[in-house]
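Taking it in order: structure first as structure tokens, then the write-up.
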Protein chains: 2
Amino acid sequence: MDKQKEILTTALKLFVDYGFHGTATSKIAKEAGVANGTLFHYYKTKEDLIIALYIDIKLRVAQHIESYRDEHTEYKEHFKKQFIGLMLWSLENDYEFRFIQQFYFSPYASLMDYEEIQKLSKKGCEELEEAMEQNHIKKQPIDYLIAIVNNYVFGIQQYLRQSKLTPEEKKEVIYNSYETLWIMIH
Amino acid sequence: MDKQKEILTTALKLFVDYGFHGTATSKIAKEAGVANGTLFHYYKTKEDLIIALYIDIKLRVAQHIESYRDEHTEYKEHFKKQFIGLMLWSLENDYEFRFIQQFYFSPYASLMDYEEIQKLSKKGCEELEEAMEQNHIKKQPIDYLIAIVNNYVFGIQQYLRQSKLTPEEKKEVIYNSYETLWIMIH
DNA sequence: ACTTTTACCGACTGATTAGTCGATCTAAAT
DNA sequence: ATTTAGATCGACTAATCAGTCGGTAAAAGT
């Protein structure tokens, strides 16, 4: 693993465990096994690192959801696959998910403008808009829909994290939760 | 306004705008118009202040929801009143809401144990459990239900905050959103 | 009246932090 | 072979921060 990647991985873990300001850059560097200067060679400021990490994770999520794209099935099934795919991914990428949440509700989020954030999940949004035009789902403001779906995902993930369910039971919950989501947007 | 209250109010604003570690205790004291030592007279540590603020807001929310209690109407209407009451409160207490969200997803949340957090909205949870037993709402794990409802509220609030709707339009959204919530839990 | 407790002040400190800088070390380009 | 450019190092610094302390003033208790 190259040093830059190592920095990101370590930063992710520390930021989630101790918060943004609660994590010193020197601690990240030390734990990542690189020199202090190396961190600042790749990221000019701590803020840069935080935003780079956010974008990195967002892109990985988008890419993963993308891999579930299947234009041939009907919309409900197509959307279901993506939702389930995302939730299963969240089970195995807990830190990534928690980082996104922490970032969302932190003052750092307002450093990126709203447009730029949305751009990172552009494909997904476009698909929702398209589905709305074709009357597969209820007509409502796209921002509203996104907020609802996002927070539903967060809710399920949060429940699963603090629950003591077995992996099998968690998967069961995920599969069942889709029906409710569909009812919400349909 | 007494000094202690002034400290809490100032801390709320600064924590939301700059984050927990991004806000220096000296800055809180200065902006609240009290001496540095006074802050530490009331709160032994910064962490104490953060948790006291969280509890203060949680209690105010609980109290406000409580004021909408009305045992005489049927459950759907009763729950609606509480939901609408909460959402309207959130419109006028934006900072309080954002603080709760920030706290939830910060490492500070894990300093309080889960039990203690739930206790602060005990009444609401008990009511939900009761309603479930009497088959007013779908039978499902109480934690699941709470996570879903909580995050739905967050979602609507988040949408309203970043939207450019007039106060009247916002109220319209709130009233409409209840139907979806009811479907979700029913 | 006097004693104790509480409210409040602000200068001070030891520790920590983000970020800098000049040096060394590659590895590719010419 | 020599230049150039990026990668990596770690000691250093100026600034900042959480929390302390010794003191004064005002309430509260007796």
Side-chain angles (χ1 to χ4, degrees), chain A residues 1-57 95 99 102-103 105-112, chain B residues 1-57 59 95 98-99 102-103 105-112:
Chain A
M1 190 129 81
D2 70 34
K3 308 242 167 187
Q4 187 170 9
K5 195 90 202 152
E6 195 75 56
I7 291 169
L8 280 185
T9 310
T10 309
L12 170 63
K13 190 175 154 30
L14 292 177
F15 282 147
V16 171
D17 285 342
Y18 305 105
F20 293 127
H21 288 265
T23 306
T25 51
S26 55
K27 202 177 174 191
I28 297 171
K30 194 194 260 180
E31 214 145 303
V34 305
N36 219 305
T38 305
L39 191 152
F40 286 97
H41 171 69
Y42 287 110
Y43 307 98
K44 269 189 281 293
T45 66
K46 188 180 182 180
E47 199 180 292
D48 275 10
L49 169 61
I50 292 172
I51 289 179
L53 185 51
Y54 175 75
I55 291 175
D56 176 66
I57 295 174
Y95 273 99
F99 180 89
Q102 212 173 295
F103 184 88
F105 298 110
S106 80
Y108 286 96
S110 48
L111 292 175
M112 295 179 76
Chain B
M1 189 131 81
D2 71 35
K3 309 243 169 187
Q4 187 170 9
K5 194 92 201 150
E6 195 76 56
I7 290 169
L8 279 186
T9 310
T10 309
L12 170 62
K13 191 177 153 28
L14 292 177
F15 282 147
V16 171
D17 285 343
Y18 305 106
F20 294 126
H21 288 265
T23 305
T25 50
S26 55
K27 202 177 173 190
I28 297 171
K30 194 195 258 180
E31 214 145 302
V34 306
N36 218 304
T38 305
L39 191 151
F40 287 97
H41 171 68
Y42 287 110
Y43 307 99
K44 269 189 282 294
T45 66
K46 187 180 182 179
E47 199 180 291
D48 275 10
L49 169 60
I50 292 171
I51 289 179
L53 185 51
Y54 174 75
I55 291 174
D56 175 66
I57 294 173
L59 288 177
Y95 273 99
R98 285 159 72 188
F99 179 89
Q102 213 174 293
F103 184 88
F105 297 110
S106 80
Y108 286 96
S110 47
L111 292 176
M112 294 178 76

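Lettering follows sequence order; numbering is per chain, from 1.
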Query raised in the report: Going from OG1 on Thr38(B) to NZ on Lys3(B), what distance comes out if it is rounded to the nearest 0.5 angstrom?
Result: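 Thr38(B) OG1 to Lys3(B) NZ: 6.5 Å, rounded to 0.5 Å.
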All N/O donor-acceptor pairs, side-chain side in residues 21-30 of chain B, below 3.5 Å, sequence neighbours left out:
unit_1, atom_1, unit_2, atom_2, d
His21(B), NE2, Tyr108(B), OH, 3.0
Thr23(B), OG1, Leu14(B), O, 3.1
Thr23(B), OG1, Gly19(B), O, 2.8

Query raised in the report: From the list dC17(D), dC9(D), dG10(C), which nucleotide is the closest neighbour of the side chain of Ala35(B)?
Result: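 Per side-chain heavy atoms of Ala35(B), the pick is dG10(C).
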**Report entry** Check against side-chain contact (heavy atoms from CB on, under 4.5 Å), Asp17(B) and Tyr95(B)
**Finding:** CA-CA 9 Å; Asp17(B) 285 343; Tyr95(B) 273 99; 3.2 Å; yes
Side-chain N or O of [X] closer than 4.0 Å to phosphate OP1/OP2 of [N]:
| X | N | result |
| --- | --- | --- |
| Thr38(A) | dC9(D) | yes |
| Lys3(A) | dC9(D) | yes |
| Tyr43(B) | dA18(D) | no |

Query - Atom CZ of Phe40(A) with >12 non-hydrogen neighbours under 6.0 angstrom - result: yes
To the nearest angstrom, how far is [X] atom [atom1] from [N] atom [atom2]?
| X | N | atom1 | atom2 | answer |
| --- | --- | --- | --- | --- |
| Tyr42(A) | dA5(D) | OH | P | 18 Å |
| His41(B) | dT6(C) | NE2 | P | 9 Å |
| Gln4(B) | dT6(C) | CD | P | 14 Å |
| His21(A) | dC17(D) | NE2 | P | 10 Å |
| Phe20(A) | dT17(C) | CZ | P | 17 Å |
| Leu49(A) | dT17(C) | CG | P | 15 Å |

Distances under 3.5 Å between nitrogen or oxygen atoms of protein and nucleotides 19-21 of chain C:
unit_1, atom_1, unit_2, atom_2, d
dG19(C), OP2, Lys46(A), N, 2.7

Query raised in the report: Just checking, is any N or O donor in the side chain of Asp48(A) or Tyr42(A) under 3.5 Å from an acceptor N or O on the other one?
Result: no
Query - Aromatic plane relationship, Phe103(A) with Tyr54(A) - under 30° parallel, 30 to 60° tilted, over 60° perpendicular - result: parallel
